[in-house]
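A quick write-up on the structure given underneath.
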Amino acid sequence: MLDRRQLLASASAAGALLALPRVALADDSPLAPLFDQFFQERLRQRPESATQLGLDKGANADLKSKLSDESDAGRAAERRLTDSQLTRLRAVDRRRLTPPDQASYDAVVYSLESAAALHRFDFGGGGTAGSSPYVVSQLTGAYQAVPDFLDTKHSIETAADADAYLARLAAFAVQLDDQTARMRHDAGEGVTPPDFIYDLALVQLGKTRSPTPDGSLLVASLARRAAAKGLGDRYAANAAKLYSERIGPALDRQIAEAKRLRAKAVHDAGVWRLPEGAAFYAAALHDTTTTRYSPAEVHQLGLDQARDISARVDALLKAQGLTTGTVGERLRALYAEPSQLFANTDAGKAEAIAYCNARLAQIRPLLPGAFHRLPPYRFEVRRVPPQTEAGAASAFSQGPAIDGSRPGLVYINLHDSAEWPRFCLATTIYHEGLPGHQLEGGLALSNPHLSLLRKSMGFSAYAEGWALYAEQLADELGAYDADPLSRIGYLKFQLFRANRCVVDTGLHAMRWSREQAIQYFVDQEGEAPGFAAREVERYCTNPGQACSYKLGHTMIVGLREKAKAQLGAKFDIKDFHDTVLANGRVPLEVLERATGEWLAGRAG
């Protein structure tokens, strides 16, 4: 689920670009060298991005031994770079650019301006970690991101790779202390998470803090992989020493600080209680939805669409003989249907993942009916690692390495298998995998007409709007023709995304409590309480992002209906999809303008 906070790039190591396809921009475009420079500047600032994209080699090989600078100096450098890039980009005369270049220009300006707007709030991510006001929570913080990153993204083939891993372990200890210092700073400014967010984070911190080095994923991952490559056991010993002397104590300090702040924490869930809370939420909502909607307007849109979708679900439930009770009560009964449940055991969870991979395989042959081009990457579904599943999102997607060396991954959180009945899984795979995030993101990564900067940046409303549209498209392609219960699951999740608009704005602008928000999901759509709780807790940590799904979906569907009305018999769904996907992830207003230009050209 990529969004604007994953805008990458950085200042030296231009050699890595030379080994990749030259880009999207005309050779004489003033944006080509500028965007290459921006990309390298960001890559240098966020070394993890180089590894994520498979670019930590060649002239960028030194980045494989580094992690991001989370200190005050690092945050200040991020702000300066944002301001510098905005100044340099605004010096380009947009009027002299081609339409595709204008779309890229607009997207990058929008992203930088949005980051600058968040930078003015001196707490939380400060624009470097998206719209979260909390530097450490159940979803934010090096403690929960780095161990999985090193285990799954940092490849080990040679002694140099293992040495780089050790260097990153040392950098991890520094990150932890820098973020602990930021926790104290933010608390001094009156910015602390709610008590229940501390509780979740402390559980996960406790799981990360193994009492012995051998029990830590950080040490075990290196030991296992170094041994497999015949590198001996010295790496395991060195990792254990680093864990004992530096990482463990840094984790202890962060746990102690979280406990200290938890003792004073309040239960109020929304950011309305923070200094400048209303202004922060407005900035976060603008950042994640790329619209100018007010919280009240988003709230009403959610109510209106939820009412219409609920009526459709009602009709389908009645067709299945489920006629008694509210829509939420009947969906809850379907959740409890034994034929829909996977056992809450490791074997049952493995069966659920196998089912998901089978649905991913089943949709593939249908895709050529809607797309001229498909991404060249491999994709698969995996279970969220048990050590982070208690606070992790219910499902999420991670893109492939740009060179195809690592597949695109879809993660399903099976903390409690009952939260993922069979009828809900197919539409989730279409959203996170194909034709959703992995198709859209894979096409952007493999698009020879997009710069590396544009390939690696994102906008939540576009990406999540497309993924929600992909769920609708899967239905239109016939994915549920022999599976009516999964069609109910598809509409149930459309209802869920509409209700997200209601709940997110309820929490942050209308002062809803955590419990009120959870109960709303349970009542309106029969949501499993545990699932609903994790969702609500996610919104508390990342304000505004949950609204991006339905706003993006509404825009894409509206553009398609407009194209159908204007083109009539000339309308081709493949051409429409080409247009929507042509410029990679962009703000919704840029997508609307580009689609309007396409329609004007077709009409001519």
Side-chain angles (χ1 to χ4, degrees), residues 2-11 17 23-25 29-46 48-50 53 68-69 74-97 100-133 279-280 282-292 444 450-463 542 544-545 548 583-594:
L2 304 176
D3 63 9
R4 185 221 40 86
R5 62 196 149 156
Q6 290 169 307
L7 172 64
L8 309 174
S10 257
L17 292 178
V23 298
L25 305 167
S29 168
L31 295 184
L34 188 61
F35 280 4
D36 286 355
Q37 185 179 24
F38 282 12
F39 181 84
Q40 287 299 321
E41 288 169 356
R42 295 285 175 180
L43 210 62
R44 285 274 138 190
Q45 199 166 64
R46 295 283 156 184
E48 298 91 339
S49 299
L53 291 169
S68 301
D69 184 353
R75 292 164 62 90
E78 162 72 19
R79 291 184 173 93
R80 289 195 301 271
L81 181 58
T82 297
D83 293 342
S84 170
Q85 290 186 346
L86 262 175
T87 298
R88 283 176 279 162
L89 190 52
R90 286 171 175 159
V92 175
D93 187 349
R94 183 186 181 279
R95 296 168 299 178
R96 298 174 64 88
L97 300 175
D101 279 8
Q102 287 179 343
S104 284
Y105 176 97
D106 292 343
V108 177
V109 165
Y110 193 104
S111 181
L112 292 169
E113 288 180 341
S114 188
L118 287 168
H119 282 154
R120 82 172 186 83
F121 300 98
D122 189 26
F123 53 78
T128 67
S131 55
S132 178
F280 180 83
L285 199 62
H286 175 59
D287 176 59
T288 57
T289 70
T290 64
T291 71
R292 303 288 176 177
L450 285 180
S451 67
L452 283 172
L453 178 67
R454 292 282 293 109
K455 288 175 188 286
S456 58
M457 67 188 295
F459 296 91
S460 185
Y462 177 93
N542 195 9
Q545 194 270 341
S548 64
N583 295 307
R585 297 185 180 111
V586 294
L588 293 182
E589 61 188 42
V590 176
L591 175 64
E592 185 174 28
R593 182 162 58 249

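Because the structure is a prediction, the values reported are computed rather than measured.
Take A283 and apply the side chain to side chain contact (heavy atoms under 4.5 Å, CB included) test, not counting sequence neighbours, and it matches L118, F121. Here D69 pairs with nothing under the salt bridge (Lys or Arg N to Asp or Glu O under 4.0 Å) rule; sequence neighbours left out. For R95, the salt bridge (Lys or Arg N to Asp or Glu O under 4.0 Å) partners two or more places apart in sequence, or in a different chain, are D93. With sequence neighbours left out, the salt bridge (Lys or Arg N to Asp or Glu O under 4.0 Å) criterion links R90 to E113. The side-chain hydrogen bond (donor to acceptor under 3.5 Å, both in side chains) test applied to T291 returns T289, not counting sequence neighbours. By the salt bridge (Lys or Arg N to Asp or Glu O under 4.0 Å) test, E592 is found to be paired with no residue, residues two or more places apart in sequence or in another chain being considered.
For the pair S451 (side chain) and F35 (backbone), a donor-acceptor distance under 3.5 Å is absent. Looking only at distances, a side-chain donor or acceptor of S456 sits under 3.5 Å from a matching main-chain atom of L452. Side-chain N or O atoms of T87 include one that pairs as donor or acceptor with a backbone N or O of D83 at under 3.5 Å. Q102 places a side-chain N or O within 3.5 Å of a backbone atom of R94 that can act as its donor or acceptor partner. Side-chain atoms of R79 do not come within 3.5 Å of backbone N or O of R120 as any donor-acceptor pair.
The side-chain hydrogen bond (donor to acceptor under 3.5 Å, both in side chains) with D287 is formed by just one residue from the set S548, S114, S460; it is S114.
Classified by interplanar angle (parallel below 30°, tilted 30° to 60°, perpendicular above 60°), the ring pair F280/F123 is tilted.
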